[in-house]
Chemist: 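Right, I'll just put the structure down here and ask away after.
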Amino acid sequence: MSVILHGARVLLRPWTLSDTDFVLTLTSDPLIPLISAVPAAPDPDAARAFITAQNKRHTEGRGWAWAVVDDGRPIGYVGALWTAQNAGRASIGYWTGGQARHAGLTTDAVTTAAAWLLTDGGIARLEAYVEPWNTASARVAEKAGFHREGLMKSFAPIGGHRKDAYLYARIS
Ligand SMILES: CC(C)(COP(=O)(O)OP(=O)(O)OC[C@H]1O[C@@H](n2cnc3c(N)ncnc32)[C@H](O)[C@@H]1OP(=O)(O)O)[C@@H](O)C(=O)NCCC(=O)NCCS
């Protein structure tokens, strides 16, 4: 099942191999390869493997992964992973390529995905994990209806060091 969602400005669609060149532009981003499966080296085979893995996520029952498209061009990612499916709990993740930031497009994408995930997607509690320095990500979460619930110490290793993260959640 492929789910296509329309936001106010962006389109959320499955990843396709035509997105390979876009994925290659992300390999030089200082953060995206550290927090996602985007490869850190500009290797076309690795970029294609990333795309294939995104599309397997739903068929393998692990969640959803969309390419965010603006004006016909891929600009980023939004998706969710089940963290405790029996309890109806999942986490959302998102990133946008540098050239498309600061335009409200990520907020549109996350708002659109969250609204669908918390209804048709069957998620009861959708969490977002945001490093304390990441004001832009916190603003995206807040504007998409997530509420900050607390600070999780030593939440996950990022770039070789364990990092704290704010826990945000939006409830269905
Ligand atoms: C975080 C990220 C997704 C924000 O994307 P974006 O497209 O710039 O977000 P939007 O344009 O929708 O902006 C949302 C809000 O963040 C604010 N914002 C954007 N960049 C900012 C920055 N560098 N510093 C402070 N606020 C910022 C915007 O002003 C806006 O708030 P406002 O409406 O109150 O003015 C993007 O910077 C990114 O992909 N970063 C790398 C990956 C990442 O951090 N992912 C999230 C992990 S939890």
Side-chain angles (χ1 to χ4, degrees), residues 5-13 15 19 21-42 46-47 50-51 53-54 57 62-83 89-118 123 125-171:
L5 301 176
H6 296 267
R9 294 167 63 193
V10 298
L11 172 74
L12 309 186
R13 61 145 170 83
W15 286 85
D19 300 325
D21 286 347
F22 170 61
V23 175
L24 290 172
T25 68
L26 302 164
T27 57
S28 59
D29 186 274
L31 184 58
I32 291 173
L34 298 181
I35 62 165
S36 74
V38 169
F50 165 82
I51 290 167
Q54 302 314 296
R57 186 182 295 181
R62 294 186 295 116
W64 295 264
W66 289 280
V68 180
V69 174
D70 174 49
D71 207 14
R73 293 173 304 111
I75 59 154
Y77 156 93
V78 62
L81 284 165
W82 287 109
T83 50
R89 197 162 66 240
S91 65
I92 193 167
Y94 44 88
W95 43 254
T96 296
Q99 295 191 335
R101 293 179 191 170
H102 307 277
L105 299 173
T106 312
T107 299
D108 185 19
V110 175
T111 303
T112 302
W116 185 88
L117 291 164
L118 288 161
I123 293 170
R125 175 184 165 86
L126 186 58
E127 298 179 343
Y129 313 126
V130 179
E131 284 189 78
W133 63 265
N134 200 338
T135 308
S137 179
R139 283 296 295 150
V140 169
E142 287 162 1
K143 293 181 79 175
F146 290 75
H147 296 282
R148 186 187 293 181
E149 297 185 341
L151 180 68
M152 301 185 291
K153 302 292 286 184
S154 191
F155 175 64
I158 298 175
H161 302 280
R162 294 201 66 86
K163 301 292 178 68
D164 298 348
Y166 283 126
L167 170 63
Y168 282 83
R170 180 172 157 179
I171 311 301

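Quantities reported herein were computed from a predicted structural model and do not represent experimental measurements. Read the numbers this way: they start at 1 and go in the same order the structure lists the ligands and their atoms.
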Chemist: Are any of the N/O atoms on Ala103, whether in the backbone or the side chain, positioned under 3.5 angstrom from an N/O atom of ligand 1?
Modeler: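 Looking only at distances, the answer is yes, because the N/O contact criterion of under 3.5 Å is met.
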
Chemist: At under 4.0 Å between heavy atoms, is it the side chain or the backbone of Ala128 that contacts ligand 1, or both, or neither?
Modeler: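 For Ala128, there is no contact with ligand 1 at all, from either part.
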
Chemist: Please report whether atom 28 (C) of ligand 1 has a protein non-hydrogen atom at a separation of less than 4.0 Å.
Modeler: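 There is no protein heavy atom less than 4.0 Å from atom 28 (C) of ligand 1.
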
Chemist: Under 3.5 Å between some N or O of ligand 1 and some N or O of Thr135?
Modeler: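 Between Thr135 and ligand 1, no N or O pair is found under 3.5 Å apart.
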
Chemist: Can you find an N or O of Arg139 that's nearer than 3.5 Å to an N or O of ligand 1?
Modeler: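 Arg139 vs ligand 1: N/O contact under 3.5 Å present.
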
Chemist: Which one holds for Asp108 and ligand 1: side chain close, backbone close, both close, or neither close, with close meaning a heavy atom under 4.0 Å?
Modeler: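 Within the 4.0 Å criterion, Asp108 makes no contact with ligand 1.
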
Chemist: How far is atom 20 (N) of ligand 1 from its nearest protein heavy atom, and which residue and atom is that?
Modeler: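 Heavy-atom neighbour on the protein nearest atom 20 (N) of ligand 1: His102 CE1, 3.0 Å.
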
Chemist: Would Gly104 count as a polar contact of ligand 1, with the cut-off being nitrogen or oxygen pairs under 3.5 Å?
Modeler: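 Looking only at distances, the answer is yes, because the N/O contact criterion of under 3.5 Å is met.
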
Chemist: Should the ring pair Trp15 and Phe22 be called parallel, tilted or perpendicular, given that the plane angle runs from 0 to 90° and is split at 30 and 60?
Modeler: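 Rings of Trp15 and Phe22: parallel, under 30°.
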
Chemist: Are any of the N/O atoms in Trp95 less than 3.5 Å from those in ligand 1?
Modeler: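 Among all N and O atoms of Trp95, none is under 3.5 Å from an N or O of ligand 1.
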
Chemist: Do any non-hydrogen protein atoms sit less than 4.0 Å from atom 2 (C) of ligand 1?
Modeler: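 So atom 2 (C) of ligand 1 lacks protein heavy-atom neighbours under 4.0 Å.
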
Chemist: Using protein heavy atoms only, decide if any is under 4.0 Å from atom 37 (O) of ligand 1.
Modeler: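 Yes; the ligand atom in question has protein heavy-atom contact below 4.0 Å.
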
Chemist: Please identify which of these residues, His147, Glu149, Arg148, meets the side-chain hydrogen bond (donor to acceptor under 3.5 Å, both in side chains) condition with Tyr168.
Modeler: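 The passing option is Arg148.
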
Chemist: Side chain or backbone of Asp29 under 4.0 Å from ligand 1, or both, or neither, by non-hydrogen atoms?
Modeler: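 None of Asp29 does.
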
Chemist: Suppose I only count heavy atoms of Ile35 and a 4.0 Å limit; which atoms of ligand 1 are within that range?
Modeler: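 Those qualifying, in numeric order: 42 (C), 43 (C), 45 (N), 47 (C).
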
Chemist: Using 30° and 60° as the class boundaries, would you call the ring planes of Trp64 and Trp66 parallel, tilted or perpendicular?
Modeler: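 Taking Trp66 first and then Trp64, their aromatic rings lie parallel (interplane angle under 30°).
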
